[in-house]
Amino acid sequence: MLTFDEIWEKLIAGDESTAIEVKRGEQVGKSILESVSAFANEPDNDGGYFVLGVVKDMSRLFPEYHIVGVDDIDKVQTTLATVCRDSIQPPLRPAIWTVTKKGKTVIVAYIAEAQPHEKPVFIKSKGIMNGSYRRIGSTDQKCTDEDLAYLIQSRGHQSFDRTVLANTNIVDLDPRAISEYRNLRAKVNPAASELSYSDEELLDAIGAIETHNGQRCATVAGLILFGKQAALRKHFPMTRVDYMRVPGREGLPDDRVDLEMREALILLIPRLINQIVDDLPKGIAFSDN
């Protein structure tokens with residue numbers, strides 16, 4: 001995401017745009033909901049930013065922007081988060097933060113572009129036909145029938161595991177996991193053509209990465225299968241294995257051993273199996289078939 005200073009530079013240099021909207025910020029009203037829908041819907045725009053606490057002076061030959069600040073910061077932030085959750089379908093979770101400039105507090109909110117299968121994003125009270133908007137230039141335009149048809153057709157039949165994670169890149173994938181995939185594939189078919197591909201070509205061929213806004217990003221399946229620990233913790237904090245070893249059969253004694261396992265799935269499964277085998281009493285056999 002852009003910093004406030006980067007957003008401000010773009011605003012001064014090029015006025016409001018497809019990605020930036022300024023508001024006085026006294027209340028969260030109809031126009032903000034329309035912009036939320038528009039930012040989330042506009043294809044390949046990577047979402048957009050609200051800057052609340054800024055006014056546009058139209059009395060000059062060239063419009064100027066002035067920071068006036070937001071009076072009730074907590075109320076505006078809470079209201080914005082709530083309407084994005086309750087008044088928009090599907091519910092959105094914007095990134096919201098505050099910045100203090102010249103003694104005034106400004107609220108910045110980032111609305112991420114929705115995934116194709118989530119579009120059109122619309123205002124619940126208006127319904128999908130009248131409550132869906134696109135971001136054209138610096139304006140929010142109600143979707144025409146053709147716009148709605150385009151957004152709906154763009155959904156395709158993509159499954160959840162092919163969903164692109166826009167804030168990721170190929171560096172978030174663990175080379176050890178990619179190497180292990182090659183080893184396992186070679187055991188099944190040593191002559192498999194994809195074994196001759198580069199890592200990036202291989203990941204692309206199996207749907208682990210996709211191109212989004214000119215950048216190679218991981219898909220949901222790609223990150224879970226090959227992701228580094230830090231990337232998994234960031235994007236899927238609850239995707240892990242909690243392994244507990246308890247002596248005896250009753251209760252949870254103090255000498256139990258708890259392990260949190262979080263890594264690329266292709267590495268995690270063998271590690272978990274090996275841990276279980278190591279913990280088995282002697283004389284008990286274990287099969288992973």
Side-chain angles (χ1 to χ4, degrees), residues 1-3 46-47 91-97 110-118 158-188 192 194-247 252-280 286-289:
M1 291 182 289
L2 300 177
T3 65
D46 203 24
L92 300 179
R93 293 292 189 184
I96 304 173
W97 66 97
Y110 172 64
I111 309 295
E113 180 182 343
Q115 294 295 328
H117 67 273
E118 298 174 319
Q158 179 173 281
S159 59
F160 175 70
D161 60 348
R162 292 296 296 268
T163 300
V164 177
L165 300 170
N167 322 350
T168 63
N169 58 56
I170 199 168
V171 179
D172 292 315
L173 304 183
D174 192 333
R176 296 177 305 142
I178 300 170
S179 177
E180 180 62 14
Y181 178 87
R182 290 182 180 277
N183 292 336
L184 295 173
R185 184 72 180 108
K187 290 180 181 178
V188 175
E194 63 267 30
L195 293 177
S196 64
Y197 298 169
S198 68
D199 283 352
E200 184 171 340
E201 290 171 335
L202 174 63
L203 293 169
D204 185 54
I206 63 176
I209 58 173
E210 297 282 354
T211 300
H212 178 74
N213 290 339
Q215 178 173 303
R216 303 295 270 167
C217 302
T219 61
V220 169
L223 192 65
I224 290 178
L225 189 62
F226 299 108
K228 293 179 180 177
Q229 287 189 20
L232 288 167
R233 182 177 291 276
K234 176 181 179 181
H235 296 280
F236 298 106
M238 296 304 293
T239 302
R240 66 177 193 265
V241 171
D242 292 323
Y243 178 83
M244 182 181 296
R245 187 172 73 240
V246 181
L252 295 176
D254 293 335
D255 58 346
R256 72 181 188 272
V257 176
D258 297 325
L259 298 176
E260 179 183 293
M261 298 183 176
R262 187 197 310 271
E263 60 186 315
L265 188 61
I266 202 167
L267 300 175
L268 175 60
I269 292 175
R271 178 187 167 197
L272 178 61
I273 292 173
N274 289 335
Q275 184 68 52
I276 294 171
V277 171
D278 289 344
D279 290 340
L280 285 175
F286 178 84
S287 172
D288 58 0
N289 293 326

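Position 1 is the first residue of the sequence, and the numbers go up from there.
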Query raised in the report: If only atom types and distance count, is the side chain of R262 paired as donor or acceptor with the main-chain N or O of P237 below 3.5 Å?
Result: yes
Query raised in the report: What's the spacing between L165 CG and I209 CD1 if we round to 0.5 Å?
Result: 12.5 Å
Query raised in the report: Could you give the distance from CD (Q215) to CG (N167), rounded to the nearest 0.5 Å?
Result: 9.0 Å
Query raised in the report: Could you walk me through whether I170 and F226 pass the side-chain contact (heavy atoms from CB on, under 4.5 Å) check?
Result: CA-CA 10 Å; I170 199 168; F226 299 108; over 6 Å; no
Query - From CD1 (I266) to CZ (R182), nearest 0.5 Å - result: 11.5 Å
Query raised in the report: Between C217 and A166, what is the shortest heavy-atom contact and its length?
Result: SG-O, 3.7 Å
Requested in this report: Would you please test I276 and Y243 for side-chain contact (heavy atoms from CB on, under 4.5 Å) and show each step?
Outcome: CA-CA 9 Å; I276 294 171; Y243 178 83; 3.7 Å; yes
Report task. Walk me through it: do K234 and T168 pass the test side-chain contact (heavy atoms from CB on, under 4.5 Å)? Result -> CA-CA 10 Å; K234 176 181 179 181; T168 63; over 6 Å; no
Query raised in the report: At their closest point, which heavy atom of L225 faces which heavy atom of A177, and how far apart are they?
Result: O-CB, 4.3 Å
Query - Heavy-atom pair with the smallest gap, counting every atom of L272 and M261 - result: CD1-SD, 3.8 Å
Report summary line: So NE2 of H212 and OG1 of T219: to nearest 0.5 Å the spacing works out to 13.0 Å
Query raised in the report: Measuring from K228:NZ to E263:CD, what's the distance to the nearest 0.5 Å?
Result: 13.5 Å
Query raised in the report: Is D278 reaching over with its side chain to a backbone N or O of Q275, donor-acceptor style, under 3.5 angstrom?
Result: no
Query raised in the report: For the atom pair OG1 (T163) and CG (L223), what is the distance rounded to the nearest 0.5 Å?
Result: 12.5 Å
Query raised in the report: Given D204 and R216, is the side-chain contact (heavy atoms from CB on, under 4.5 Å) satisfied, shown in steps?
Result: CA-CA 9 Å; D204 185 54; R216 303 295 270 167; 3.1 Å; yes
